[in-house]
Asker: 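Handing you a structure now.
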Amino acid sequence: MTIVACASAEQRGSFVDIAGIDPAVVAEVERETSELLSALIRIDTSNPPGDETRVAEFMAAWFAERGVTGGQIVGEPEDRRSFVLRLESGKPGPSLLLLAHEDVVPANAPDWQVPPFSGLIKDGYVWGRGAVDIKNLVAAHAVAAARIAQAGGPAAGTLVYACTADEEEGSVGGARWLVNNRPDLIKTDYVINEGGGHFLERAGRRVYILESGEKGTAQFRLIIKGEAGHASVPLRSGNAVVAAARVIDALASHELPLVIDGSSEELVQSLVDSPALRERLRDPRTARAALHDLARRDVLLADMIEPLYGFAFSPTIITSNSVAVNVFPTRVELSVDCRMIAGHDEQEVLTEVRTALDGVEADWDLEWVGPVTRGNFSPYPTPLSEAIRDTLERFVPEAQLANSHSVGFTDSNWFRAAYPDVIAYNFAPHLVETYEEVTPRYHNVDERILIRDLAFQSLFAEAVARKVLA
Ligand SMILES: [Zn+2]
């Protein structure tokens, strides 16, 4: 592989070979995946309302045109359906699900360089909403599954392909519905899903992030009560706005417990270049100061590692029920974003809020905002992570794999929650463009994917599936 450091991405794309793959096959997979992704982007599945059944029907027809039948369009309600295809070998062996979601977040066309639902192919990219989140994977997994089916199916076990509705808003008709209602169709030993697979280059090393877990969400609101009155007469105590200021200060300055576990270990080991700093980052007594030092050297890396060290309180909204500037409010509401690391729960959040506000002069109550979602994770390493590692070593010989957890939410969470034995990883690897280049395009304007990277995602999924189902 040759990386030409100062060339533009599209120039680099044509220089980067996928080790061990016939260039004619790469070209064919580039053509198939880019045509399919372009067509999928043209089906506007902005969520809300989603209306994803059109993608499910499109994929059923796409497979049928290739002689691959037996897929099912399933889910509720009628306009929020998913497509699931099972390829059984008839021989005993593990089962692997290639998963991605059909819906996208909305796009505001005037802000874009190209119409966001055009699926335009230019400058070596496929452009449009869903190009990296995550119709790319709907297309890449489909081409991988079709190539395996056309070659006679998996050698052993079962390969399952699924594109599912409603990931971005809440899974009413998508993965959550399927795991609860159709385990016969969707339950497998292994799942590969969106998220992860981006690479960073540090100290001459290329490190791919595999996400084996996800953080949970426990957003809350503190209701701070006060005394009513005319503001021309200052309150000796009981001003809810002043009390809220004390609460914010106490939350922001509270030192939350540090958790240094396997979700950050390999990131620190392979991406932090200084051995002394690595050591300090692994020691709970020095880790907090070490994170500050890391942020000064490499803010992106610090931003990746710090959320894995525990939860954080981030106050974001404050409102009062005062109707005029001369009236003291009886109620001030403070909204706080809080993400829990996998394996921890909202009871711990409550305990830490109480500890932080112990002795603070304020009369407060806490209520949760929206659903509390617990994070979860799959074991690592496993035969699936080893298959991913082996495939990576074959295609990108100098690359390393590092385990991590996602700070966001993906459908993998539903699978781990419903089926405790499932191994679900988020891994959609890029070959040419880095983490820094790709991740800002999520939910943003000018979303696009390099065609070489799209084909790589397909060839990679195919190779991992063949290895797991050998
Ligand atoms: Zn997504």
Side-chain angles (χ1 to χ4, degrees), residues 33 36-37 40-41 43-52 54-56 59 75 80-84 97-107 116-117 119 126-142 161-179 186 191-198 209-217 307 339 373 375-376 404-417 424-430 433 435 437-449 453-454 457-458 460-461:
T33 50
L36 176 53
L37 174 58
L40 288 167
I41 289 170
I43 306 171
D44 180 353
T45 49
S46 297
N47 184 7
D51 211 357
E52 299 93 335
R54 291 167 302 139
V55 164
M59 288 313 305
R80 311 300 301 270
R81 290 193 167 148
S82 303
F83 173 74
V84 185
L97 166 63
L98 300 178
L99 177 70
H101 61 85
E102 302 162 322
D103 58 320
V104 296
V105 294
F117 298 99
V126 182
W127 293 68
R129 181 55 89 221
V132 289
D133 183 14
I134 190 82
K135 283 180 170 165
N136 54 316
L137 215 53
V138 174
H141 285 170
Y161 168 87
C163 52
T164 56
D166 197 23
E167 191 273 343
E168 298 288 0
E169 281 282 302
S171 292
V172 289
R176 184 189 202 172
W177 186 93
L178 279 161
V179 298
I186 205 77
V191 177
I192 293 178
N193 186 24
E194 66 165 324
H198 303 292
I209 313 293
L210 177 144
E211 292 174 357
S212 61
E214 272 139 45
K215 292 186 80 174
T217 304
R339 308 295 166 118
T373 332
N376 54 28
S404 180
H405 287 179
S406 166
V407 295
F409 180 89
T410 76
D411 282 333
S412 299
N413 190 298
W414 304 122
F415 283 83
R416 297 192 200 99
Y425 292 149
N426 302 340
F427 198 76
H430 289 249
E433 292 199 302
Y435 178 95
E437 287 169 307
V438 176
T439 54
R441 294 184 197 145
Y442 281 74
H443 298 198
N444 209 339
V445 298
D446 299 332
E447 188 177 342
R448 62 195 184 278
I449 190 167
D453 278 344
L454 177 65
Q457 295 185 333
S458 186
F460 197 92

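When a ligand or atom number is given, it counts from 1 through the structure's own listing order.
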Asker: What atom name does the N, O or S atom of Glu194 nearest to the Zn ion (ligand 1) carry?
Answerer: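 Nearest N/O/S atom of Glu194: OE1.
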
Asker: Is there a salt bridge (charged side-chain N to carboxylate O under 4.0 Å, His left out) between Glu214 and Arg339? Walk through the geometry before answering.
Answerer: CA-CA 10 Å; Glu214 272 139 45; Arg339 308 295 166 118; over 6 Å; no

Asker: Sequence neighbours excluded, which residues qualify as ring pair (Phe, Tyr, Trp, His ring centres under 6.0 Å) partners of Tyr161?
Answerer: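 With neighbours one apart ignored, the set is Phe63.
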
Asker: Identify, by name, the N, O or S atom of His101 lying closest to the Zn ion (ligand 1).
Answerer: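 The His101 atom nearest to the Zn ion (ligand 1), restricting to N, O or S, is NE2.
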
Asker: Say you draw a straight line from CD of Glu167 to OG1 of Thr45; how long is it, rounded to the nearest 0.5 Å?
Answerer: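 If I round to the nearest 0.5 Å, the distance is 11.5 Å.
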
Asker: Please identify which of these residues, Thr410, Asp133, Asn47, meets the side chain to side chain donor-acceptor pair (under 3.5 Å) condition with His101.
Answerer: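 Of all the options given, the one that passes is Asp133.
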
Asker: From the N, O or S atoms in Asp133, identify the one nearest to the Zn ion (ligand 1).
Answerer: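 This residue's closest N, O or S atom turns out to be OD1.
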
Asker: Quick check on the Zn ion (ligand 1): does Glu168 put an N/O/S atom closer than 2.8 Å to it?
Answerer: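 No, since none of the N, O or S atoms of Glu168 sits under 2.8 Å from the Zn ion (ligand 1).
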
Asker: Taking 2.8 Å as the cut-off, does Glu167 contribute an N, O or S atom near the Zn ion (ligand 1), distance below it?
Answerer: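 No, Glu167 does not qualify, because none of its backbone or side-chain N, O or S atoms lies under 2.8 Å.
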
Asker: Sequence neighbours left out, what passes ring pair (Phe, Tyr, Trp, His ring centres under 6.0 Å) with Phe427? Give chain and number order.
Answerer: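 Result, ring pair (Phe, Tyr, Trp, His ring centres under 6.0 Å) vs Phe427: Phe460.
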
